[in-house]
Amino acid sequence: MKKYVTVHLTGMSHDGRAVGKIEENSPYRGMAVFVENALLGQTVRAEITAQKKNYLVAQPVEIILQSPFATTGICPHQKECGGCAWQNLAYEKQVQEKETQIKNALKRLGKVQDVEQYFYPLLSPFSHGNSTLFYRNKMEFAFSLQHAKLKLGLRRKNSHELAEVTDCQLQNPHAMKILALLRSQLQNFQYDFYRYAVLRFFQNTWTVELITYPYSKQHRKEEEQSIAACYEALKNDIAGLVHSERKAKTDIAYGEKIVREFGNTMLFETLAVAGRQLQFKLGNSAFFQVNSKMAEVLYQVIYDFAALVLPQKNAHIWDFYCGIGSIGLSLAGLCLENKKNFSLEYVKGLSVTAPDYSYKKPFLLGVEVIEKAIDLAKENAQFNQCDFAKFACAASKKLQTFFKQFSLPNLLILDPPRAGIEDEAISAILQYAPQFLILVSCNPTTLARDLAKLTQKYSIKAIQGVDLFPHTPHVETVVLLER
């Protein structure tokens, strides 16, 4: 028997759902309810689809009162594709909600007192003259063999089914032409071989990575031919194609082994940070921020925080989870000479203790667990003329070994994946206690969890959000801490 509730929605959750509290006189009175495909500011009648101990999950069946923040969605696929959960929410309200999400996570999970004291308004594309559309330099599209037909598109929300998108507003529109060519080429392919098509677009150069299962014994010839045919169909529209394989069943668009490359698959990106042009070699699969324009803003925030706390010259900076070295190398000039030219006006008013340590030579250490990324980081150090950088391939949970090997850094930067910082790394930080930390996070929840542990020995000096992901619930946060 179907059950319904009426609820006024007052907020948005981190996964894109609207949330409110049941006020009507019913058995659910006082319970929170998360409503799919709804907006804060709406009053809806919703069908309960799941009941948990402390909350309900529901789907709207009637909008009783429309939200004052409702706007027209950016995409014709919005009802079937789960990619842009906030596209019907006015962008100015998206910014406010992201600020609220960061604050709530830090208060509730991080036990951070007086968050407002350290929190600064979110930096958004609007505040920096950038667009909220067509901003992604990389997108991952999935394949699925359904009813003997190979489909290509984006996952539906909370489902393995695909929406065959033809008009996505997140990446350069040329991406849709590439997808159409792939669909046309593979329309008669009926084997469960293809897994992902990853489209990358940097400096007006396109590459495609086709991630598949390993070749099968019975269909190897057809599978090989289909890959070559895909490149032939695309070669006038892309610079190169990578065929990689992934044996693991886990749903991650990352190839474990490159099988073959066609054309030119090398990618580069240039970022302007603190008046300096930095060039990065990305390879064909390296992690890089998906919004290059707002990555410049993010790195400028990190630069300003670092400039505030570093000595005048010969600084030692450690960059953990460094990837291809982009954050550390964007700060390399501060290792040599720190002129304290801030782009964020409020940084000038922050009070921090003078640096503990003064060294005779500058030093930059980058640590990353992916070997290919470390190889690229070393090349990027050469591109950007940084001869005092050292890059090591190691898991960040091995942080203690680096504390034993090197002098304590003036500044430790950590930019972990969504899962946050490993417990072993946090224990090492608390044990050796470098004077200043900068945390960079794309997940307010795990950021709050990590801060709850680190604030045993560190105090928060500033919290700055940066919106690299318009029309989605995701947000980057940078936190400066002092021992």
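- Under 3.5 Å, the side chains of Tyr303 and Ser330 contain no donor-acceptor pair of N or O atoms.
- Of the charged side-chain nitrogens involved, at least one lies within less than 4.0 Å of a carboxylate oxygen, so that Lys103 and Glu116 count as a salt-bridged pair.
- In this structure, Lys281 forms no cation-pi arrangement with Phe383, as its terminal cationic atom is not both closer than 6.0 Å to the ring centre and no more than 45° off the ring axis.
- Looking at Phe391, Phe402, Phe403 one by one, the single match for ring-ring contact (aromatic ring centres under 6.0 Å, His included) with Phe320 turns out to be Phe402.
- Comment: Glu209 engages Arg200 in a salt bridge, judged by a side-chain N to carboxylate O separation of less than 4.0 angstrom.
- A donor and an acceptor atom, one from each side chain of Tyr357 and Asn314, are nowhere located under 3.5 Å apart.
- With hydrogens and angles disregarded, a donor-acceptor distance shorter than 3.5 Å links the side chain of Lys98 to the backbone of His474.
- Between Tyr120 and Tyr346, the two ring planes are parallel [angle under 30°; tilted spans 30° to 60°].
- When only modelled atom types and interatomic distance are considered, Asn137 and Ser292 share a side-chain donor-acceptor pair under 3.5 Å.
- A side-chain N or O of Lys93 and one of Gln96 form a donor-acceptor pair less than 3.5 Å apart.
- No cation-pi contact links Arg246 to Tyr254, judged by a cut-off of 6.0 Å to the six-membered ring centre and 45° from its axis.
- A salt bridge is absent between Glu23 and Lys21; no separation between the charged side-chain nitrogens and carboxylate oxygens falls under 4.0 Å.
- Between Glu80 and Arg156 there is a salt bridge, since a side-chain N of the basic residue sits under 4.0 Å from a carboxylate O of the acidic one.
- A perpendicular orientation is assigned to the rings of Phe288 and Phe202, their planes being inclined by more than 60° (bins at 30° and 60°).
- At a cut-off of 3.5 Å, with distance as the only test, no side-chain donor of Glu422 or Ser396 sits close to an acceptor on the other residue.
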